[in-house]
Amino acid sequence: DLRSDDQSSLPKDLQEKYVLTRQIGTGVCGEVRLAFERATCAKFAVKIIKKKNFHSEGTATRNAQTEIEILQRVDHPCLIKTLDFYQTDDSFYIVLELMEGGELFQRVKTQQQLKEDVAKLYFYQMLLAVQYLHSNGIIHRDLKPENILLSSHEDVCLIKVTDFNQSRILEESVLMRTLCGTPSYLAPEVFTHGSTSGYGLSVDAWSLGVLLFVCLGGYPPFHESFGQSTTDQIVRGQFTMVPSKWRHVSDQAKDVVRKLLVVDPTRRMSIQEALDHPWLQDQEMRQTAHSLMFPNAASPSVAMEPGSSRKRGRDQDDEDDV
Ligand SMILES: c1ccc2c(c1)[nH]c1[nH]cn[n+]12
């Protein structure tokens, strides 16, 4: 319900350019509303982040600033684009491209579980999006089905990763400066868990494993309904592929899940290794993904140069990594 006061609390210049209507999504830090640009009637999503939701003023601004900085800096077909940005003293307003298909979370819930080929098409796009973030020194840190948006109601559609407010930009750290000096006197733990938080890019690989499990199985791998606390299940890497749900899933797909849901981050499969996994060497799926990501690029009528083996250097995925 859009009481008049709702509209009045919006920034004037936002009001002048857009009409905000119904809520289409909810996030931990606020809500997402459907908006129409007055001049063109084009549809957008406006994400509203209430500053007061954060325990301390500093965190709110810092998180949102990081999110906004990242949103404005990234450019990849599978990452949501920011089109406009406004703020009042109590909220941030981010105008984003509208994803008509809504959240992946709802799609999986409605369909029970996704068909394997659909899950593979979505997962491949997520890998490319995260590979792009990592190559730009950004860890997402909050990959989950609510943060994966679908461009249409069709199974074969473009997906986009959103919600970077938990992301971290890997700044020049004390550890990096330390490593410039002579390492000979440094204790081993400085290298293994030098950065205070002791995590790196591999946290996103784990989350992608959870996402793939949910898409293929239709239920989460770790959940308090399975008895122990979710945290215990996660730190022990204990999950079950219930036969009734996984019987029709290929061994290769299960292998990808098992190699991502590895507790030891140094043994966990990386994004690049996942892209090189046999399950994703599906040229038809990749062709579909590329035509969704780069719709204007003419698809080559003849096959690429014959017999081009996967070159170690610039292989196909790099080309997609704009
Ligand atoms: C449903 C829920 C959230 C959505 C959405 C559709 N489209 C879009 N763009 C950025 N966020 N977001």
Side-chain angles (χ1 to χ4, degrees), residues 1-2 6 10-11 14-15 17-51 53 60 63-87 91-111 114 118 121-122 125-126 128-130 132-133 138 140-167 204 207-208 211 214-215 289 292-293 295:
D1 62 327
L2 268 181
D6 275 17
L10 299 177
L14 171 68
Q15 274 247 60
K17 194 170 178 188
Y18 303 95
V19 177
L20 266 63
T21 63
R22 65 185 168 80
Q23 181 170 332
I24 52 177
T26 53
V28 64
C29 318
E31 57 173 339
V32 181
R33 303 188 89 101
L34 174 62
F36 294 84
E37 188 180 23
R38 293 180 193 275
T40 62
C41 276
K43 294 194 279 189
F44 296 94
V46 174
K47 183 173 179 183
I48 303 168
I49 304 174
K50 296 257 176 272
K51 291 179 183 173
N53 281 8
N63 270 0
Q65 238 125 32
T66 309
E67 171 161 21
I68 287 137
E69 186 197 325
I70 289 175
L71 278 168
Q72 284 164 339
R73 189 168 97 177
V74 295
D75 177 18
H76 188 277
C78 296
L79 291 177
I80 205 83
K81 277 189 180 44
T82 323
L83 302 151
D84 246 335
F85 169 70
Y86 304 87
Q87 70 173 304
S91 300
F92 294 105
Y93 298 82
I94 312 172
V95 181
L96 301 158
E97 49 191 325
L98 179 68
M99 297 294 278
E100 307 271 1
E103 298 174 1
L104 172 65
F105 183 73
Q106 294 305 332
R107 180 76 58 94
V108 174
K109 232 166 84 173
T110 318
Q111 296 192 3
L114 301 183
V118 173
L121 176 68
Y122 295 172
Q125 294 178 70
M126 293 179 220
L128 294 182
V130 175
Y132 172 89
L133 286 175
I138 297 164
H140 188 285
R141 294 202 331 153
D142 192 25
L143 291 166
K144 54 190 177 189
E146 298 86 326
N147 291 342
I148 306 293
L149 300 172
L150 302 164
S151 60
S152 84
H153 296 287
E154 304 295 322
D155 278 350
V156 174
C157 70
L158 185 64
I159 66 105
K160 290 181 190 267
V161 175
T162 185
D163 232 343
F164 301 96
N165 62 342
Q166 299 302 327
S167 306
D204 286 339
S207 304
L208 285 171
L211 262 164
V214 168
C215 289
L292 288 164
M293 291 189 289

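Order of listing sets the numbers, starting from 1, for every ligand and every atom in it. Small disclaimer: the values here were computed from a predicted structure and weren't measured. We count residues from 1, following the sequence as given.
Using bins of under 30°, 30° to 60° and over 60° for the plane-to-plane angle, the ring pair Tyr86/Tyr18 lands in the perpendicular bin.
Of the listed residues (Met99, Lys81, Lys160, Glu146), the one carrying the non-hydrogen atom nearest atom 7 (N) of ligand 1 is Met99.
Contact check on Asp84 versus Lys17 returns a salt bridge, with a Lys/Arg side-chain nitrogen under 4.0 Å from an Asp/Glu carboxylate oxygen.
Taking every heavy atom of Ile24 and a limit of under 4.0 angstrom, the matching atoms of ligand 1 come to 1 (C), 2 (C), 5 (C), 6 (C). With ligand atoms numbered from 1 in the order given, ligand 1 contributes 7 (N), 8 (C), 9 (N), 10 (C), 12 (N) to contacts under 4.0 Å with heavy atoms of Ala45. Remark: ligand 1 atoms within the under-4.0 Å shell around heavy atoms of Ile80 are 9 (N), 10 (C).
No part of Glu100 comes within 4.0 Å of ligand 1, judged by heavy-atom distances. For Leu96, every heavy-atom contact with ligand 1 shorter than 4.0 Å involves the side chain, none the backbone. Counting heavy atoms under 4.0 Å from ligand 1, residue Thr162 does not touch it at all.
Side-chain contact between Cys78 and Met293 is present, with heavy atoms from C-beta onward closer than 4.5 Å. Between Ile48 and Ile94, the closest side-chain pair of non-hydrogen atoms is not below 4.5 Å. Contact of the Arg107 side chain with the Thr110 side chain is not registered, since no non-hydrogen atoms from C-beta on lie closer than 4.5 Å.
An N or O contact shorter than 3.5 Å links Glu97 to ligand 1 by distance.
Ranking the protein heavy atoms by distance from atom 11 (N) of ligand 1 puts Leu149 CD1, 3.4 Å first.
Atom NZ of residue Lys109 and atom CG of residue Leu104 lie 12.5 Å apart, to the nearest 0.5 angstrom. Expressed to the nearest 0.5 Å, how far OG1 of Thr162 lies from CE of Met99 amounts to 9.0 Å.
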